[in-house]
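A short worksheet on the structure shown next.
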Amino acid sequence: MMQNMVKITRIKYDRRGKTTLTASSFDKFMERMTKDDSKNTVGAFRDFVSMAQNHYGCGRRWTGDYYLMHQMPSFLPSLDIVRDKQGNETMRAFNGIVTLSVDHIDEETDLEAVKRVAAMMPMTLAAFIGSTGTTVKIPLAARPQAIL
């Protein structure tokens with residue numbers, strides 16, 4: 001399958017704000033998305049989001065920071081980014097993946113319904129619940145011949 005040839009970028013920040021870039025195949029990206037690591041970073045973040053919305057809310061957002069945010073990597077499914085000799089981040093390639101995000105979904109059944117509808121579209125590569133637990137992320141093949 002050509003998905004192994006498609007490279008996406010993982011960005012990880014340390015406590016000092018230094019970034020680490022890692023390229024991996026789309027298949028490895030999806031494997032990582034289907035499991036939480038041993039530190040349960042996504043689960044802990046979802047608990048934090050729920051607590052911040054429910055306990056501090058009353059219609060207002062809590063402005064505090066999540067203390068483990070530096071442990072949560074960011075993914076750029078559309079791009080292969082590398083660091084040049086001067087240390088600048090540059091785009092090596094656009095791989096043909098576009099991510100659609102459906103936000104502010106409150107009910108578990110609605111999250112599952114959005115995932116089911118997304119799965120019906122022929123350009124959908126995957127559909128998964130985002131780190132906040134209230135979004136559905138849908139990577140789409142903008143250039144199907146390059147992905148499949």
Side-chain angles (χ1 to χ4, degrees), residues 1-57 60-106 108 111-112 114-115 117-119 121-148:
M1 185 173 285
M2 293 212 24
Q3 289 179 347
N4 265 335
M5 301 173 83
V6 172
K7 295 293 182 192
I8 61 102
T9 300
R10 175 180 179 244
I11 302 175
K12 181 96 178 191
Y13 301 93
D14 67 12
R15 289 181 190 260
R16 290 176 238 112
K18 183 178 182 253
T19 60
T20 303
L21 302 173
T22 307
S24 65
S25 69
F26 185 80
D27 291 340
K28 288 279 187 193
F29 164 70
M30 288 310 304
E31 183 181 310
R32 190 173 184 98
M33 288 288 117
T34 58
K35 64 177 182 171
D36 202 353
D37 62 6
S38 61
K39 296 176 187 165
N40 194 28
T41 53
V42 174
F45 181 68
R46 286 183 180 161
D47 291 344
F48 168 80
V49 169
S50 176
M51 187 176 73
Q53 289 175 342
N54 294 333
H55 296 286
Y56 301 104
R60 298 182 308 272
R61 286 194 164 258
W62 185 58
T63 58
D65 290 329
Y66 180 56
Y67 73 103
L68 294 175
M69 197 60 156
H70 67 280
Q71 291 182 359
M72 293 187 60
S74 298
F75 292 92
L76 300 174
S78 302
L79 303 174
D80 181 8
I81 296 179
V82 295
R83 207 175 298 279
D84 64 16
K85 292 178 183 176
Q86 292 77 31
N88 300 315
E89 296 170 2
T90 59
M91 181 179 79
R92 182 185 314 184
F94 168 68
N95 60 26
I97 297 173
V98 177
T99 303
L100 175 66
S101 181
V102 182
D103 300 332
H104 306 295
I105 304 171
D106 295 329
E108 179 86 24
L111 288 165
E112 293 303 320
V114 170
K115 286 172 47 179
V117 169
M121 297 185 297
M123 70 287 279
T124 297
L125 300 173
F128 54 89
I129 298 172
S131 60
T132 62
T134 62
T135 63
V136 175
K137 304 293 184 180
I138 308 165
L140 303 168
R143 300 184 312 192
Q145 69 280 4
I147 308 295
L148 304 175

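For the numbers below, each heavy atom of this structure counts, side chains included, while hydrogens, waters and symmetry mates do not.
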Please round to the nearest 0.5 Å and tell me the distance separating atom [atom1] of [X] and atom [atom2] of [Y].
| X | Y | atom1 | atom2 | result |
| --- | --- | --- | --- | --- |
| H104 | T135 | NE2 | OG1 | 9.5 Å |
| I138 | I97 | CD1 | CD1 | 14.0 Å |
| K12 | T20 | NZ | OG1 | 8.5 Å |
| S74 | R10 | OG | CZ | 9.5 Å |
| F75 | T22 | CZ | OG1 | 9.0 Å |
| L125 | L140 | CG | CG | 7.0 Å |

Locate the shortest heavy-atom distance separating [X] from [Y]; write the atom from each residue and the value.
| X | Y | answer |
| --- | --- | --- |
| P139 | A126 | CD-O, 3.2 Å |
| N95 | I8 | ND2-CG2, 3.7 Å |
| V98 | A142 | CG2-CB, 3.6 Å |
| P77 | T99 | CG-OG1, 3.6 Å |
| V136 | A127 | CG1-CB, 4.4 Å |

(message) Ignoring hydrogens and geometry beyond distance, is a side-chain donor-acceptor pair present between D103 and S101 at under 3.5 Å?
(response) yes
(request) Only counting residues at least two apart or in another chain, list the ones meeting side chain to side chain contact (heavy atoms under 4.5 Å, CB included) with T19. (result) I11, Y13, R83, E89
(request) State which residues pass side chain to side chain contact (heavy atoms under 4.5 Å, CB included) with D84; sequence neighbours excluded, sorted by chain then number. (result) Q86, N88, T90
(message) Can you pull out every salt bridge (Lys or Arg N to Asp or Glu O under 4.0 Å) where at least one residue sits in residues 124-138? Sequence neighbours excluded, please.
(response) none
(message) Using the rule given for side-chain contact (heavy atoms from CB on, under 4.5 Å), can you reason through T9 versus D80, listing the C-alpha separation, both sets of side-chain angles and the distance that settles it, and then say yes or no?
(response) CA-CA 5 Å; T9 300; D80 181 8; 4.2 Å; yes
(request) Quick one: list whatever passes ring pair (Phe, Tyr, Trp, His ring centres under 6.0 Å) with F45, sequence neighbours left out. (result) Y66
(request) Sequence neighbours left out, what passes salt bridge (charged side-chain N to carboxylate O under 4.0 Å, His left out) with K115? Give chain and number order. (result) E112
